[in-house]
2 protein chains.
Amino acid sequence: MSAPKPIEGRLAEIAMAARELIAERGFEGLRTRDIAARVGINVATLHYHVPTKEALIRIVAQSLRSDFIAQSQARPRQGLSPVEVLKLEFADFRETMTEAPERYIVMAELSDRAERDAAIAAEIRPMQAYWRRMTADIIVEGRDKGVFRADVDPEAAAMMVIGTLSMSFWHARDDLEFFDRACAELLRALMVRPSKD
Amino acid sequence: MSAPKPIEGRLAEIAMAARELIAERGFEGLRTRDIAARVGINVATLHYHVPTKEALIRIVAQSLRSDFIAQSQARPRQGLSPVEVLKLEFADFRETMTEAPERYIVMAELSDRAERDAAIAAEIRPMQAYWRRMTADIIVEGRDKGVFRADVDPEAAAMMVIGTLSMSFWHARDDLEFFDRACAELLRALMVRPSKD
DNA sequence: CTGTCTCTCAATCAATTGATTGATGGAAAC
DNA sequence: GTTTCCATCAATCAATTGATTGAGAGACAG
């Protein structure tokens with residue numbers, strides 16, 4: 001992941017307000033007036049900083065990407081075993097899910113729009129690709145060290161992990177105990193188990 | 001799943017046109033004028049059949065639910081082993097993914113909106129719950145018959161299966177070979193493996 | 001033939017909404 | 001002190017868009 005230009009000042013305020021509103025009302029409910037009101041500025045001032053709504057959405061995507069990178073780099077992983085790293089991923093996801101769910105909600109919303117907007121796709125796809133590759137790398141290491149199944153398909157398993165986490169976000173945001181069960185199931189699905197009897 | 005009222009005639013045409021447009025342009029791009037144009041009727045005629053846009057969306061959700069039930073009931077499963085049933089699920093998903101992807105795209109779009117619209121949620125949630133429960137049931141049977149891991153958590157594993165399929169839909173729609181790898185990984189994750197001597 | 005019911009449309013409304021304009025205040029530059 | 005540039009706002013525009021109105025065509029019953 002190359003470093004995108006950081007968003008700061010008024011632009012950052014605008015991006016955050018937009019993110020909040022997208023999380024609250026969805027993309028179709030996003031109105032430039034509401035963003036301006038939340039920032040506390042005039043609509044014209046908003047358009048002074050961000051010429052069009054399209055540009056605004058791109059800025060939101062960049063802002064999200066910055067957060068993602070920051071969170072990713074804030075994780076110390078040296079010296080941890082693959083299982084521990086994976087558990088760290090789960091804990092990280094769980095924390096964001098409960099304390100900053102807006103991030104995943106907006107992410108999903110943008111991911112959706114990326115299907116039809118190349119500029120959004122350019123910001124979003126790298127994040128998703130990075131997440132998948134990072135997860136696959138963990139699985140490769142675990143397999144090579146003999147803690148994960150020898151017949152595991154790292155890329156496919158990475159998609160399994162991410163898909164399970166994403167799905168859990170929508171269906172278990174209010175049921176953390178179930179989220180933990182899903183994570184435990186993922187580990188059991190990946191790890192080498194003691195032979196029967 | 002109780003049977004919803006079937007949509008037919010002009011209403012069915014309208015629902016299908018709306019589904020196509022939602023799949024093409026997303027929810028925010030849905031315009032009553034466009035729907036009317038695609039059906040080949042006047043906007044006023046559209047509003048004669050469907051009073052408000054909200055009602056229209058509800059009809060789309062019902063239409064989707066009908067399809068879902070029809071597809072679900074068209075599957076003969078008697079006499080099949082849990083593994084075979086699960087493989088049938090995968091094949092079914094794969095077929096819809098390639099031949100009627102619009103169904104899943106609209107489903108995702110509605111699922112999103114269900115977060116903020118109780119009427120949509122009432123149509124969508126039962127489908128999702130049904131899918132999860134049905135999958136969990138398959139896993140329970142497989143576990144009890146000794147083909148799936150004894151320590152499997154059926155509900156969590158069902159979420160894993162569905163999450164993986166859903167994620168595959170977005171990231172592997174153009175790469176069926178990878179979709180198959182994901183399905184194979186799911187099976188390996190669930191099945192009892194020969195003990196490593 | 002008349003009345004009624006269903007379905008349709010052209011024309012129009014009213015509200016929303018992204019974007020622009022022209023002006024103002026203040027800080028830095030010269 | 002004057003000029004220049006940045007940020008801001010009130011007011012307004014122009015287009016979009018969901019919805020309504022009033023009229024008409026066709027089928028069918030009596």
Side-chain angles (χ1 to χ4, degrees), chain A residues 5-63 106 109-110 112-113 116-120, chain B residues 5-63 106 109-110 112-114 116-120 123:
Chain A
K5 42 188 165 182
I7 313 257
E8 45 192 23
R10 264 281 125 97
L11 273 188
E13 290 181 57
I14 292 171
M16 279 314 298
R19 283 169 57 166
E20 290 170 16
L21 286 168
I22 290 172
E24 287 172 20
R25 307 210 257 263
F27 228 114
E28 51 170 334
L30 185 64
R31 302 282 173 262
T32 53
R33 277 170 174 75
D34 296 337
I35 300 171
R38 182 156 301 200
V39 176
I41 60 177
N42 188 279
V43 207
T45 307
L46 176 69
H47 276 92
Y48 167 78
H49 290 286
V50 186
T52 68
K53 199 179 181 183
E54 288 298 303
L56 173 81
I57 295 171
R58 254 175 277 136
I59 284 174
V60 168
Q62 285 174 27
S63 156
V106 177
E109 213 81 40
L110 283 181
D112 199 55
R113 194 184 171 99
R116 306 171 196 97
D117 184 324
I120 307 291
Chain B
K5 42 188 165 183
I7 314 252
E8 46 192 22
R10 264 282 127 96
L11 272 187
E13 290 181 57
I14 292 171
M16 279 312 299
R19 285 170 55 165
E20 290 171 15
L21 285 167
I22 290 172
E24 287 171 21
R25 307 210 258 265
F27 228 113
E28 50 170 334
L30 186 64
R31 303 282 173 262
T32 54
R33 278 171 173 74
D34 296 337
I35 300 171
R38 184 157 299 201
V39 176
I41 58 176
N42 188 278
V43 207
T45 306
L46 176 69
H47 276 92
Y48 167 79
H49 290 286
V50 185
T52 69
K53 200 180 181 183
E54 288 298 303
L56 174 81
I57 295 172
R58 251 174 280 136
I59 285 174
V60 168
Q62 284 174 27
S63 155
V106 176
E109 213 82 40
L110 283 181
D112 199 54
R113 194 185 172 99
R116 306 171 194 95
D117 185 322
I120 307 290
E123 292 285 337

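Note on naming: letters A, B, ... go to the chains in the order of the sequence lines (proteins, then strands), and numbering restarts at 1 for each one. Just so you know, these numbers come straight off a predicted model, no measurement behind them.
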Report the C-alpha distance between B:K53 and A:E28 in whole Å, list the side-chain angles of each, state the deciding distance to 0.1 Å, and finish with yes or no for salt bridge (Lys or Arg N to Asp or Glu O under 4.0 Å). CA-CA 14 Å; B:K53 200 180 181 183; A:E28 51 170 334; 5.6 Å; no

With B:D34 via side-chain hydrogen bond (donor to acceptor under 3.5 Å, both in side chains) - residues at least two apart: B:R25

Sorted by chain and number, sequence neighbours left out, side-chain hydrogen bond (donor to acceptor under 3.5 Å, both in side chains) with B:R38 holds for B:E20, B:E24

Short of 4.0 Å, heavy atom to strand atom, which residues of residues 44-51 of chain B count as contacting DNA chain C? B:A44, B:T45, B:Y48, B:H49

Could you check B:I35, B:V106, B:I120 and say which one makes a side chain to side chain contact (heavy atoms under 4.5 Å, CB included) with B:V60? B:V106

Are the side chains of A:L30 and A:L56 in contact, using a 4.5 Å heavy-atom criterion? yes

Using every non-hydrogen atom in the two residues, find where B:R10 and B:I41 come nearest and quote the distance to one decimal. NH1-CG2, 3.3 Å

Who passes side chain to side chain contact (heavy atoms under 4.5 Å, CB included) against [X], sequence neighbours left out?
{"X": "B:V43", "value": "B:T32, B:R33, B:H47"}
{"X": "B:A44", "value": "B:N42"}
{"X": "B:A37", "value": "none"}

So the contacted stretch of DNA chain D, first to last nucleotide with an atom under 4.0 Å from a non-hydrogen atom of chain A, runs from D:dC6 to D:dA10

Suppose we screen for salt bridge (charged side-chain N to carboxylate O under 4.0 Å, His left out). Which residues come up paired with A:R31, at least two apart in sequence or across chains? none

Within residues 22-43 of chain B, find the residues that approach DNA chain D with a heavy atom at under 4.0 Å, and present them sorted by residue number. B:L30, B:R31, B:T32, B:R33

